[in-house]
Visitor: 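I am attaching a structure below and will ask some questions about it afterwards.
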Amino acid sequence: MQENQLQKQYPRLVVDLKKLRHNIDEIVDRCAGCGIAATGVVKGFNGLPEILSVYKDCGTLGIASSRLEHLEQAGKLGLKGPFLSIRIPMLSEIPDLVRIADWSLESERIVLEAIEDECRRQKRRHGAILMVDLGDLREGFWNKEELLALAEETERKFEWIDLIGIGTNLNCYGSIAPTAENLQQLVDLARQVEIRIGRKLQIVSGGSTTSLPLVYKGAMPRGINHLRIGEAMQTAADLEAFWGVSTPELHKDVFTLQAEIVELKDKPSYPVGEIRVDGFGKTESKYVDRGIRRRAIAAVGRLDFSFCSQLLPVNSGIEVLGASSDHLILDVEEAKNEIKMGSIVEFRMYYGPMLYLTNSGYISLVYK
Ligand SMILES: *Cc1c(COP(=O)(O)O)cnc(C)c1O
């Protein structure tokens with residue numbers, strides 16, 4: 001979008017870069033206190049350069065992303081590596097992977113072979129972290145013997161690949177919580193790899209933000225020395241909302257969505273007529289009859305943030321009712337006196353809206 005042509009101001013995403021830096025420093029320090037290095041995961045804000053720059057000279061162990069574009073951007077901005085690619089690679093992206101990333105998460109032998117060939121061609125070394133599936137059923141070796149064999153082969157056979165360590169991912173697909181028990185399994189496996197290769201591994205990577213509760217509670221198994229952290233540094237909402245960890249030291253307002261009210265009326269709260277499907281083919285009974293209420297529409301929609309249930313109104317008198325692709329529907333009965341036509345309403349957010357809003361061409365980005 002060309003703002004200077006449209007002169008549009010809203011919807012707007014305000015990003016507080018100082019508060020982001022504060023959160024990064026807090027998490028890095030807390031992890032360091034448990035002997036854990038934290039890599040900063042930047043996919044959640046699409047690697048936007050202004051935000052990425054905040055990670056310059058911070059204490060993270062390099063930068064990680066699922067998209068090579070973000071790591072390339074980090075390189076251009078002069079950020080310090082290692083640059084860690086955290087989506088197991090496509091065979092078709094190996095030349096870019098080897099050129100851009102220093103390390104990657106890996107779960108297929110055939111991919112390591114392709115990396116070895118490409119490294120030889122580019123005369124550039126690459127570090128591999130082999131992934132173990134501990135039950136979440138996303139990426140990683142399920143057969144532990146297969147993992148041990150590949151670790152040994154990587155160490156002994158591949159000339160251009162360094163075996164950096166092993167890691168796991170939890171919570172993302174199967175909703176499986178990281179626990180002292182399943183992460184102890186990772187540590188035990190790391191020790192078995194070390195016996196096979198006759199040296200210590202540099203990295204035993206115990207997950208993402210969802211592994212931080214173990215750090216906060218002092219329950220992280222000894223031997224986990226690395227985490228890959230995005231959310232807790234950025235929206236910083238999950239630890240309190242879903243994990244029962246109090247984090248008053250983290251700013252929850254790094255990202256604020258501002259949207260403008262374009263309609264304000266008293267209307268029934270229950271749709272009138274025959275209920276079929278909404279604009280996205282859903283038939284769920286999501287409507288509650290609370291009689292006539294003051295409703296507002298803000299000019300922003302699912303095209304911009306995807307899930308409206310992950311938007312958190314700053315004004316406690318506002319309730320998010322739903323959204324279509326371009327309209328956000330609010331109950332403002334309790335905030336009647338404050339909300340007028342043209343008012344700007346503000347929202348904090350969980351991870352999802354950050355992910356989409358920072359990738360929407362329709363949002364004005366404002367940095368402070
Ligand atoms: C996204 C991702 C992370 C970071 O997750 P957060 O919840 O943002 O901390 C870590 N590891 C992998 C493999 C990921 O895909």
Side-chain angles (χ1 to χ4, degrees), residues 20 23-24 26-28 30-31 36-48 51-52 55 60-71 74 82-90 97 101 103-108 111 127-141 164-178 182-183 186 203-216 220 224-243 245 247 250 252 254-255 310 349-356 358-359:
L20 171 62
N23 287 356
I24 296 170
E26 281 288 335
I27 297 288
V28 164
R30 189 169 287 269
C31 287
I36 291 173
T39 294
V41 178
V42 302
K43 68 187 185 200
F45 57 84
N46 287 276
L48 290 175
I51 310 180
L52 203 43
Y55 286 77
T60 61
L61 178 71
I63 297 293
S65 186
S66 49
R67 310 280 169 158
L68 293 176
E69 289 89 335
H70 306 162
L71 298 180
F83 297 145
L84 168 63
S85 174
I86 56 175
R87 179 172 63 192
I88 43 172
M90 298 180 261
L97 177 82
W103 295 354
S104 56
L105 306 184
E106 296 293 341
S107 69
E108 290 286 351
V111 173
I129 297 174
L130 301 186
M131 294 298 276
V132 185
D133 188 337
L134 295 175
D136 197 55
L137 307 184
R138 203 176 76 176
E139 75 274 49
F141 285 93
I164 302 296
I166 67 171
T168 196
N169 195 70
L170 289 156
N171 227 251
C172 279
Y173 170 71
S175 314
I176 297 301
N182 54 26
L183 290 182
L186 184 69
I203 293 286
V204 182
S205 189
S208 62
T209 291
T210 60
S211 294
L212 283 173
L214 294 172
V215 171
Y216 275 78
M220 183 62 89
I224 299 291
N225 66 6
H226 179 254
L227 293 175
R228 313 170 304 266
I229 306 293
E231 197 279 335
M233 295 172 173
Q234 293 150 17
T235 40
D238 287 8
L239 289 174
E240 287 193 349
F242 306 124
W243 298 92
V245 178
T247 56
L250 297 179
K252 319 295 190 292
V254 172
F255 293 88
Q310 295 209 327
M349 63 198 68
Y350 290 110
Y351 189 83
M354 167 182 65
L355 183 67
Y356 295 104
T358 52
N359 193 41

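Remember, it's 1-based here, ligands and their atoms both numbered in the order they're listed.
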Visitor: Between T60 and I24, is any pair of side-chain heavy atoms under 4.5 Å apart?
Guide: yes
Visitor: Should we say atom OH of Y173 is surrounded by more than 12 heavy atoms from elsewhere, each under 6.0 Å from it?
Guide: no
Visitor: When you measure from the heavy atoms of R138 to every atom of ligand 1, does any distance fall below 4.0 Å?
Guide: yes
Visitor: Hydrogens and angles aside, do E139 and S107 bring a side-chain donor and acceptor to less than 3.5 Å of each other?
Guide: no
Visitor: For atom 8 (O) of ligand 1, grab the closest protein heavy atom and report residue, atom and distance to one decimal in Å.
Guide: E231 N, 2.8 Å
Visitor: Tell me the protein heavy atom at minimum distance from atom 9 (O) of ligand 1, and give that distance in Å.
Guide: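 Of every protein heavy atom, T209 OG1, 2.6 Å lies nearest to atom 9 (O) of ligand 1.
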Visitor: Which atoms of ligand 1 sit under 4.0 Å from any heavy atom of K43?
Guide: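 Near K43, the atoms of ligand 1 are 1 (C), 2 (C), 3 (C), 14 (C), 15 (O).
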Visitor: Taking only heavy atoms of Y351, which atoms of ligand 1 are found under 4.0 Å from at least one of them?
Guide: 8 (O)
Visitor: Using ring pair (Phe, Tyr, Trp, His ring centres under 6.0 Å) as the criterion, list what pairs up with Y216, not counting sequence neighbours.
Guide: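 With neighbours one apart ignored, the set is empty.
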Visitor: Closest approach of L227 and S211, non-hydrogen atoms and distance?
Guide: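 Shortest heavy-atom contact: CD2-CB, 3.7 Å.
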Visitor: Residue-level breakdown please: for N169 versus ligand 1, do any non-hydrogen atoms fall below 4.0 Å on the side chain, on the backbone, on both, or on neither?
Guide: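 Side chain only; the backbone of N169 stays clear of ligand 1.
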Visitor: Less than 3.5 Å between some nitrogen or oxygen of G230 and one of ligand 1, yes or no?
Guide: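 Right, the criterion is met.
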Visitor: Do D238 and T209 get their side chains close enough for a donor-acceptor pair, meaning under 3.5 Å?
Guide: no
Visitor: Without hydrogens or angle criteria, can the side chains of R228 and N169 be said to hold a donor-acceptor pair below 3.5 Å?
Guide: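 N169 and R228 do have a side-chain donor-acceptor pair below 3.5 Å.
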Visitor: Which heavy atom of the protein is the closest neighbour of atom 5 (O) of ligand 1, given with residue, atom name and distance?
Guide: S208 CB, 3.3 Å
Visitor: Looking only at protein heavy atoms, identify the closest one to atom 11 (N) of ligand 1 and say how far it is in Å.
Guide: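 The protein heavy atom lying closest is R228 NE, 2.8 Å.
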Visitor: Under 4.0 Å from ligand 1, counting heavy atoms only, is it the side chain of L105, its backbone, both or neither?
Guide: side chain
Visitor: Pull out every atom of ligand 1 sitting under 4.0 Å from any heavy atom of E139, numbered as shown with elements.
Guide: 13 (C)
Visitor: Given side chains that start at C-beta, do those of N359 and F45 come closer than 4.5 Å, heavy atoms only?
Guide: no
Visitor: Closer than 4.0 Å to some heavy atom of I229 - which atoms of ligand 1 meet that?
Guide: 9 (O)
Visitor: Counting only heavy atoms, which portion of R87 has something under 4.0 Å from ligand 1: side chain, backbone, both, or neither?
Guide: neither
Visitor: Is there a side-chain contact between Q234 and L20 in this structure, where contact means two heavy atoms from C-beta onward sitting under 4.5 Å apart?
Guide: yes
Visitor: Pull out every atom of ligand 1 sitting under 4.0 Å from any heavy atom of I86, numbered as shown with elements.
Guide: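 Close to I86: 2 (C), 12 (C), 13 (C), 14 (C), 15 (O).
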